[in-house]
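The basis for the numbers below is simple: all heavy atoms, side chains too, and nothing from hydrogens, waters or symmetry mates. As the structure lists them, so they are numbered: ligands from 1, and atoms in each ligand from 1.
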Amino acid sequence: MSSNTSSKGPVIVITGTPGTGKSTHAQLLADESPIPLKHINVGEMVKERGLYEVYDEEWQSYTVDEDKLLDELELLVAEGGVILDWHTCEIFPERWPDLVVVLRCDHALLWERLEKRNYALKKIQENNEAEIMQVVLEEARSSYPEEIVVELKSEGMEDLEGNVARLVDWIRAWQGDHTS
Ligand SMILES: Nc1ncnc2c1ncn2[C@@H]1O[C@H](COP(=O)(O)OP(=O)(O)O)[C@@H](O)[C@H]1O
């Protein structure tokens, strides 16, 4: 069980390979949630607050300073009512999330989305392969209890709307369980 049972809102992790739709889902969920939720784009936070050790030019990515990042996030998570949006989740302590959503996307569609972002070919290939091998899903399953990990398809607008409606229902149920 999460440590956030008495807090003002649940802690929801939205994870998945880059391009699967995490930020799109997190933003819509924050807009539609019956409880105010703060959308934390962890990748942006790492960049803005300098929570990294080096920037790797070759892979166009940051090597995150995990201790610093966890210290910053701990304060936000302790308050509750947050969506943690990141392409990896295993560094978040098991006690943090009430729900871990893993978004999935057909790899050919994902390739197109990442091309539109002008990612280098090598980075597109790496992410494409990670999606095929369901790396993030396995990571989530090995880091958190089975019952809080949910795999959702994110290929079209109907998926997005259906997923967010389902998550809003989950938040209402959470609210019911945590209101005395
Ligand atoms: N379910 C979906 N249906 C249609 N387009 C989507 C869906 N999910 C994401 N997209 C599109 O794919 C791109 C990547 O989405 P984004 O939310 O930025 O992914 P992530 O945060 O996982 O990197 C965006 O252009 C977004 O509009």
Spatial distance of atom CD (Glu155) from atom OG1 (Thr20) [nearest 0.5 Å]:
10.5 Å
Kindly identify the option in Thr24, Leu160, Asn41, Leu109 whose heavy atom sits closest to atom 26 (C) of ligand 1.
Thr24
Taking the six-membered ring for Trp, are the ring centroids of Trp174 and His178 within less than 6.0 Å of each other?
yes
Is it the side chain, the backbone, both or neither of Arg117 that has a heavy atom closer than 4.0 Å to ligand 1?
side chain
Pick from Glu151, Glu147, Glu146: which one makes a salt bridge (charged side-chain N to carboxylate O under 4.0 Å, His left out) with Arg141?
Glu151
Is any side-chain N of the basic residue among Lys123 and Glu126 closer than 4.0 Å to the acidic one's carboxylate O?
no
Looking only at protein heavy atoms, identify the closest one to atom 19 (O) of ligand 1 and say how far it is in Å.
Gly21 N, 3.1 Å
Closest protein heavy atom to atom 8 (N) of ligand 1, given as residue, atom name and distance to 0.1 Å:
Ser154 OG, 3.2 Å
Taking atom 16 (P) of ligand 1 as the reference point, report whether a protein heavy atom occurs under 4.0 Å from it.
yes
Report the part of Lys22 in contact with ligand 1, treating N, CA, C, O as backbone and CB onward as side chain, heavy atoms under 4.0 Å; options are side chain, backbone, both, neither.
both
Does ligand 1 have an atom that lies less than 4.0 angstrom from a heavy atom of Gly19?
yes
Give a yes or no on whether Val135 and Val149 share a hydrophobic cluster (residues Ile, Leu, Val, Met, Phe, Trp, Tyr; joining criterion: side-chain heavy atoms under 4.5 Å apart).
no
Trace of the side-chain contact (heavy atoms from CB on, under 4.5 Å) decision for Leu84 with Ile12:
CA-CA 6 Å; Leu84 298 175; Ile12 301 174; over 6 Å; no
Carboxylate-amine/guanidinium contact Glu74 Arg95, below 4.0 Å:
yes
Between the candidates Arg113, Glu112, His25, which shows the shortest non-hydrogen contact distance to atom 13 (C) of ligand 1?
Arg113
Going by distance only, is there an N or O of Gly156 that falls short of 3.5 Å from an N or O of ligand 1?
yes
Would you say that more than 12 heavy atoms from the other residues, nucleotides or ligands in this model lie under 6.0 Å from the NZ of Lys122, or not?
yes
Taking 4.0 angstrom as the limit and counting only heavy atoms of Met157, give me the atoms of ligand 1 inside it, by number and element.
3 (N), 4 (C)
closest protein heavy atom to atom 21 (O) of ligand 1 is Ser23 N, 2.9 Å
